[in-house]
Number of protein chains: 2
Amino acid sequence: MGMLKMAILGFLRDFPLHGYDLKNRVAALAGHVRPIADGTLYPTIKKLEEAGCLTRRTAPGSVAAPRHMLEITQEGTDQLRRWLRNPEPVFITDDNKWYVLLAFLHHLDNPREQSIVLARRREYLDQPTQLFYDEQGRPVPPEQLDSPFRKGLMQIHRSVNLNEIDWLDGQIAELDRRAGYTVAHGAAERS
Amino acid sequence: MGMLKMAILGFLRDFPLHGYDLKNRVAALAGHVRPIADGTLYPTIKKLEEAGCLTRRTAPGSVAAPRHMLEITQEGTDQLRRWLRNPEPVFITDDNKWYVLLAFLHHLDNPREQSIVLARRREYLDQPTQLFYDEQGRPVPPEQLDSPFRKGLMQIHRSVNLNEIDWLDGQIAELDRRAGYTVAHGAAERS
DNA sequence: GTTCTTTACCTCGAATCCGATATATATCTG
DNA sequence: CAGATATATATCGGATTCGAGGTAAAGAAC
């Protein structure tokens with residue numbers, strides 16, 4: 001079915017939510033500041049509804065426009081469990097964009113440019129991934145999580161990132177040193 | 001432009017290759033045994049050709065059907081460099097499929113089922129990602145790599161995976177212990 | 001010599017997701 | 001009260017990628 005559909009069903013299993021709320025939760029789940037695109041979310045909700053995975057009840061908006069409160073159905077729960085047991089294969093391009101970029105980074109001959117790219121990777125890794133939220137939409141910090149599994153999941157996610165950030169810092173320092181050297185002494189490198 | 005296009009251009013920057021060869025290199029690059037789909041690769045090559053990023057020369061096949069040897073153009077090199085400097089934003093669903101799955105794993109109440117899912121994640125992480133190849137298509141082991149950057153990249157990639165594998169092993173053991181307990185003592189849990 | 005596997009390429013339909021664009025309302029700012 | 005901002009939903013075209021299926025030719029297995 002695709003990750004977004006399952007993320008939606010996963011959230012709705014806990015309690016009903018409306019689209020706008022889901023948008024921000026999914027975005028945070030994926031460790032991004034930028035929220036998921038409207039043009040992705042709302043058609044996906046519609047498809048899930050057509051597939052009988054959720055029902056909607058129009059409720060007055062708390063602040064502005066009316067909301068469509070979404071509730072998961074038995075079919076939706078079944079689909080979620082089926083996916084958890086047997087997830088879609090991870091596509092070749094998923095999970096690997098950054099490593100592909102790093103593998104070919106040497107084609108950017110200028111060490112200063114390479115360093116800038118690594119700094120961007122570092123920034124990305126430094127964005128905290130917030131996997132768990134309460135009903136009010138407040139992030140639940142790792143130490144307050146109920147299950148040891150969830151606690152461990154957030155810790156490992158963070159430590160994996162810190163591990164790579166560490167390495168990046170070393171590489172960036174080395175590249176900047178080299179860039180400084182070549183700019184100072186090599187006429188050919190000067191822009 | 002998308003990762004696959006850039007991976008193709010990245011490989012072609014080193015030396016000309018034909019589609020079939022690219023297929024296996026890209027697959028290994030992404031840490032997958034399953035090669036990239038023909039229906040993805042060949043249309044992508046065609047698009048790159050139409051965009052002036054590569055040229056093709058038909059050469060006799062070494063074994064069977066004739067090959068289309070692909071060579072990168074100046075335009076292709078420019079596009080690659082442009083992408084390295086300013087890569088496409090990573091989509092919300094990229095890089096996060098597994099974490100989303102793990103975040104909702106508790107909806108699979110049965111610890112034995114949870115353990116099976118974690119074991120699959122472990123297997124995926126255990127697949128070595130081979131980022132660098134020589135002209136003959138032979139993988140270059142980390143210790144034989146020329147640049148310290150490439151060496152470090154492969155080491156960090158491996159160590160990041162080992163870090164998570166370690167955690168997974170602990171979780172799997174705990175879940176199996178719990179599953180064994182409930183199977184032995186709880187009638188409701190049996191098959 | 002027929003079949004099987006490997007090499008090598010291609011087309012088509014479908015799924016997922018994005019960005020641009022549009023709509024409407026409530027609240028806050030000046 | 002005019003305009004900006006946040007809430008809330010929706011459509012449309014496009015990019016990327018997959019899977020199923022088809023073509024063809026060389027060499028190995030039986």
Side-chain angles (χ1 to χ4, degrees), chain A residues 1-8 17-27 30 32 34-51 54 56-70 79 83 87-97 100 137, chain B residues 1-9 17-27 30 32 34-51 56-70 79 83 87-97 100 137:
Chain A
M1 285 279 273
M3 187 217 79
L4 180 57
K5 283 184 182 168
M6 291 310 133
I8 292 171
L17 291 165
H18 56 99
Y20 195 78
D21 197 349
L22 272 170
K23 186 167 73 165
N24 302 119
R25 283 171 197 259
V26 173
H32 284 253
R34 183 165 15 127
I36 193 163
D38 287 356
T40 306
L41 178 66
Y42 293 105
T44 304
I45 289 172
K46 202 177 179 184
K47 272 174 214 155
L48 282 170
E49 193 185 10
E50 283 161 6
L54 56 83
R56 87 172 66 194
R57 274 184 312 106
T58 301
S62 69
V63 178
R67 295 163 165 176
H68 298 181
M69 293 304 290
L70 308 171
Q79 290 267 344
W83 184 77
E88 307 275 284
V90 177
F91 289 164
I92 273 176
T93 46
D94 299 337
D95 252 17
N96 288 99
K97 283 215 167 98
V100 169
Chain B
M1 284 279 273
M3 188 216 79
L4 179 57
K5 282 183 183 168
M6 291 311 133
I8 291 171
L9 293 179
L17 290 166
H18 55 99
Y20 195 78
D21 198 349
L22 272 170
K23 186 167 73 164
N24 302 119
R25 283 172 197 258
V26 173
H32 284 254
R34 181 165 18 123
I36 193 163
D38 286 357
T40 306
L41 177 66
Y42 292 106
T44 304
I45 289 172
K46 204 176 178 183
K47 272 174 213 154
L48 282 170
E49 193 185 9
E50 282 161 7
R56 86 172 67 193
R57 275 184 311 106
T58 300
S62 69
V63 179
R67 295 162 165 176
H68 296 180
M69 293 304 291
L70 308 171
Q79 290 266 344
W83 184 78
E88 308 274 286
V90 176
F91 290 164
I92 273 175
T93 46
D94 299 337
D95 252 14
N96 289 98
K97 283 214 166 100
V100 169

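So you know, we letter chains A, B, ... as the sequences are listed, proteins then strands, and number each from 1. These numbers were taken from a predicted model, which means no experiment stands behind them.
Shown here are the salt bridge (Lys or Arg N to Asp or Glu O under 4.0 Å) partners of Arg67(A), two or more places apart in sequence or in another chain: there are none.
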Once each nucleotide of nucleotides 8-13 of chain C is scored for protein heavy atoms under 4.0 Å, what B/S/- sequence comes out, 5' to 3'? BBBBB-
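In this structure, Leu54(A) places its CG atom 12 Å from P of dT9(D), rounding to the nearest Å. Look at CG on Leu70(A): it is 11 Å from C1' on dT9(D), rounded to the nearest Å. Atoms CH2 (Trp83(A)) and P (dT16(C)) sit 12 Å apart, rounded to a whole Å. If you take CE of Met3(A) and C1' of dC18(D), they are 18 Å apart, rounded to a whole angstrom. The distance between atom CD of Glu50(A) and atom P of dT16(C), rounded to the nearest whole Å, is 13 Å. Atoms CG (Leu22(A)) and P (dC17(C)) sit 14 Å apart, rounded to a whole Å. Distance Lys47(B) NZ to dT16(D) P: 6 Å, rounded to the nearest Å. Between the C1' atom of dT9(D) and the CD1 atom of Ile36(A) lies a distance of 15 Å, rounded to the nearest Å.
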Just distance, no hydrogens or angles: give the donor-acceptor pairs under 3.5 Å from side chains in residues 38-47 of chain B, sequence neighbours left out.
unit_1, atom_1, unit_2, atom_2, d
Asp38(B), OD1, Lys23(B), NZ, 3.0
Thr44(B), OG1, Thr40(B), O, 2.5

Please evaluate residues Leu48(B) and Met1(B) with respect to the criterion side chain to side chain contact (heavy atoms under 4.5 Å, CB included), reporting the C-alpha separation (whole Å), side-chain torsions for both, the decisive distance (0.1 Å), and the verdict. CA-CA 10 Å; Leu48(B) 282 170; Met1(B) 284 279 273; 4.0 Å; yes
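Expressed to the nearest 0.5 Å, how far CZ of Arg56(A) lies from OG1 of Thr58(A) amounts to 7.5 Å. For the atom pair Gln79(B) CD and Leu9(B) CG, the distance stands at 7.5 Å (nearest 0.5 Å). Here CG of Leu22(B) is found 6.0 Å from CG of Leu70(B). Values are rounded to the nearest 0.5 Å.
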